[in-house]
2 protein chains.
Amino acid sequence: MRPEDRSDGQKRTSFIEEARRAQIIECAVEAFAELGYANTSLARIAERAGISKGVISYHFAGKTELIEQIVDHVYRDITQFVLPRMEGEATATGALRANIRAVVEYMRGHRDQLLALGEIFNNVRTSDGRRRYGVAFNEPIYEAREELFRRGQQSGELRSFDPRVMAVTVQAAIDEMFAYWVAYPDHDLTAHADELADLFEHATRAERPRGTAGR
Amino acid sequence: MRPEDRSDGQKRTSFIEEARRAQIIECAVEAFAELGYANTSLARIAERAGISKGVISYHFAGKTELIEQIVDHVYRDITQFVLPRMEGEATATGALRANIRAVVEYMRGHRDQLLALGEIFNNVRTSDGRRRYGVAFNEPIYEAREELFRRGQQSGELRSFDPRVMAVTVQAAIDEMFAYWVAYPDHDLTAHADELADLFEHATRAERPRGTAGR
DNA sequence: TTAAATTCTGGCCATGCGGCCAGAAGACAG
DNA sequence: CTGTCTTCTGGCCGCATGGCCAGAATTTAA
């Protein structure tokens with residue numbers, strides 16, 4: 001019934017195929033965000049999309065592949081959004097502030113995507129019971145931030161601290177800011193982001209910045 | 001079959017009743033921690049406890065009540081552990097450091113309890129689809145920490161910042177330290193805790209501590 | 001010892017799940 | 001118009017779930 005992978009190695013996904021996949025992914029994101037992981041079944045996703053359950057099975061190999069596609073999609077999206085907004089910052093402090101602001105800007109426009117990603121990260125497990133997308137999935141983010149902090153330390157801009165702990169903590173602070181905003185939608189995200197930037201500026205900068213009277 | 005609530009208002013839970021309930025809660029905690037929320041069924045809990053599935057139904061009104069009891073139990077446990085270890089600290093900075101250390105000490109001995117609590121918080125929903133134990137459940141913690149920071153600010157020990165954002169961020173940092181340790185069991189928890197204490201000391205203390213030469 | 005209360009077993013039930021498929025319906029090229 | 005390829009429908013399957021219960025086993029009380 002389904003062409004699947006062709007012998008010539010080409011994918012040849014039709015326009016309609018791509019459109020359907022995109023639509024299903026979108027509806028699945030909404031469902032995960034709104035209902036939570038446990039209450040999101042293929043039937044509910046199909047219902048939201050106004051299609052039969054079998055259509056999902058037709059376009060995706062299974063629930064697992066659908067979830068993988070969601071993670072891929074959102075991850076690519078957020079990376080492409082945030083990275084360019086950090087370029088051109090000379091100082092580590094400036095780059096971190098730009099980073100936080102960019103993520104906040106993304107949050108506003110993509111609440112459901114981030115919620116869905118969270119549901120998936122927290123719940124999907126491999127057959128042996130371990131998390132499919134564990135902390136290890138954050139490694140690229142941690143390493144990038146670590147590198148940022150290390151350079152700031154070498155240049156004397158930042159004080160001495162464990163860059164890994166700082167990187168992990170920054171990510172936790174951002175994630176919790178998001179969760180707090182989801183719980184309290186009237187919460188002032190911009191103010192929170194500025195507070196976080198100040199917080200980590202104080203936490204990371206060298207004790208005696210150049211130009212300050214010392215002992 | 002079951003006495004339920006007696007007309008005289010007394011509970012009269014027998015010794016065996018209490019023991020069974022405790023055993024079931026313990027096994028449920030292990031199951032949630034090890035298998036995750038979605039894979040933890042009453043059958044699996046019963047299997048771990050070496051009893052029939054019906055026993056759980058006999059001692060608890062349903063899965064919902066069992067989960068409530070777990071949350072109650074663990075929450076009470078951690079509070080009773082941490083609070084006494086924060087008393088007698090004169091400064092806000094000292095109290096925060098003691099707080100972080102106490103939580104870390106608790107983590108070491110109660111990994112499964114905290115994991116189970118996390119699974120429950122992240123997944124249990126009310127019938128209308130909203131989180132049963134949302135961010136609002138952390139309010140007592142947030143408010144206590146807020147109060148701590150406010151006093152530190154009034155005494156001049158701490159700089160001016162938003163106490164709520166700082167309280168939320170501290171909690172996030174602690175939670176993520178736990179998650180990181182779960183993912184990497186060889187991770188040095190003590191060092192991480194000290195780093196966190198240093199981090200927030202720098203983030204919160206007043207710019208010019210008394211006794212330092214200023215301009 | 002006997003009767004009553006408590007605790008437990010094993011199995012049944014309706015529900016919802018993901019996967020699957022036969023065939024209908026639609027799109028499209030010859 | 002005709003035949004082929006793509007897409008979709010609706011329903012079926014085996015399975016796991018939480019809840020429930022009749023009756024057995026055990027403990028406790030008289």
Side-chain angles (χ1 to χ4, degrees), chain A residues 1-8 10-24 27-28 31-32 35-70 120 123-127 129, chain B residues 1-8 10-24 27-28 31-32 35-70 120 123-127 129:
Chain A
M1 292 281 174
R2 179 138 209 275
E4 296 291 348
D5 310 72
R6 298 168 178 274
S7 52
D8 59 2
Q10 287 279 14
K11 280 289 180 184
R12 297 236 292 125
T13 43
S14 71
F15 173 75
I16 229 176
E17 161 94 14
E18 268 317 309
R20 262 281 181 267
R21 285 172 69 100
Q23 180 204 14
I24 292 170
C27 291
F32 278 122
L35 308 170
Y37 183 82
N39 296 321
T40 299
S41 62
L42 295 185
R44 284 201 207 261
I45 296 171
E47 188 186 6
R48 274 169 186 269
I51 57 180
S52 170
K53 200 180 55 162
V55 182
I56 301 180
S57 296
Y58 177 74
H59 290 286
F60 297 89
K63 201 184 187 184
T64 301
E65 197 213 326
L66 172 57
I67 288 175
E68 280 173 2
Q69 296 295 320
I70 294 174
I120 290 170
N123 287 288
V124 176
R125 309 236 167 184
T126 53
S127 54
Chain B
M1 294 280 178
R2 179 139 209 276
E4 297 293 349
D5 310 71
R6 298 168 178 273
S7 52
D8 58 4
Q10 286 281 13
K11 280 291 179 181
R12 293 235 292 125
T13 42
S14 71
F15 172 76
I16 227 175
E17 161 94 12
E18 269 315 309
R20 262 283 181 264
R21 285 174 68 100
Q23 180 204 14
I24 291 170
C27 292
F32 279 122
L35 308 170
Y37 183 81
N39 296 320
T40 299
S41 61
L42 295 185
R44 284 201 208 262
I45 296 171
E47 187 186 5
R48 275 169 186 268
I51 58 180
S52 169
K53 198 180 58 164
V55 182
I56 301 180
S57 296
Y58 177 73
H59 290 285
F60 297 90
K63 201 183 186 185
T64 301
E65 197 213 326
L66 171 58
I67 287 175
E68 280 173 2
Q69 295 297 319
I70 294 175
I120 290 170
N123 287 287
V124 177
R125 309 238 166 182
T126 53
S127 53

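Residue numbers start from 1 in every chain, and the chains themselves are labelled A, B, ... in the order their sequence lines are given, proteins ahead of strands. The structure displayed is predicted, hence computed values, not measured ones.
- Taking the side chain to side chain donor-acceptor pair (under 3.5 Å) definition, one finds that B:R44 meets it with nothing, sequence neighbours left out.
- The side chain to side chain donor-acceptor pair (under 3.5 Å) test applied to A:E68 returns A:R132, not counting sequence neighbours.
- Closest approach of A:L42 to A:I56, counting heavy atoms only: O-CD1, 3.5 Å.
- Rotation axes derived from the C1' atoms of the five outermost pairs at either end of the helix from C:dT1-D:dA30 to C:dG30-D:dC1 lie 0° apart, to the nearest 10°.
- Spacing between atom CD1 of A:I24 and atom C1' of D:dT7 amounts to 11 Å, rounded to whole angstrom units.
- With sequence neighbours left out, the side chain to side chain donor-acceptor pair (under 3.5 Å) criterion links A:S52 to no other residue.
- Residue A:Y58 places no side-chain N or O under 4.0 Å from the OP1 or OP2 atom of D:dC8.
- The side chain of A:H59 sits closest to D:dT7 out of C:dT7, C:dT9, D:dT7.
- Rounded to an integer number of Å, the gap from CG of B:L35 to P of D:dT17 is 10 Å.
- Contacts of A:E47 classified as side chain to side chain donor-acceptor pair (under 3.5 Å), with partners at least two apart in sequence or in another chain: none.
- Applying the 4.0 Å criterion to OP1 and OP2 of D:dC8, one finds that A:R20 has a side-chain N or O inside that range.
- Distance CD (B:E47) to P (D:dT17): 10 Å, rounded to an integer number of Å.
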Requested in this report: Might you work through the side-chain contact (heavy atoms from CB on, under 4.5 Å) test for B:I24 and B:Y58, ending with a clear yes or no?
Outcome: CA-CA 11 Å; B:I24 291 170; B:Y58 177 73; over 6 Å; no
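- Pairs engaging residues 52-67 of chain B under the salt bridge (charged side-chain N to carboxylate O under 4.0 Å, His left out) rule: B:R21-B:E65 [sequence neighbours left out].
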Restricting to nitrogen or oxygen on both sides, can you table the protein-nucleotides 15-19 of chain C pairs closer than 3.5 Å?
unit_1, atom_1, unit_2, atom_2, d
C:dC17, OP1, A:S41, OG, 3.0
C:dG18, OP1, A:K63, NZ, 2.7
C:dG18, OP2, A:L42, N, 2.9
C:dG18, N7, A:K53, NZ, 3.4
C:dG19, OP2, A:K63, N, 3.1
C:dG19, O6, A:K53, NZ, 2.5

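- With sequence neighbours excluded, no residue forms a salt bridge (charged side-chain N to carboxylate O under 4.0 Å, His left out) with A:R20.
- Pairing each heavy atom of A:I45 with each of A:A31, the nearest pair is CG1-CB, 4.2 Å.
- A:I51 has its CD1 atom 19 Å from the P atom of C:dA25, to the nearest Å.
- Atom C1' of nucleotide C:dT7 and atom CZ of B:R21 are separated by 14 Å, given to the nearest angstrom.
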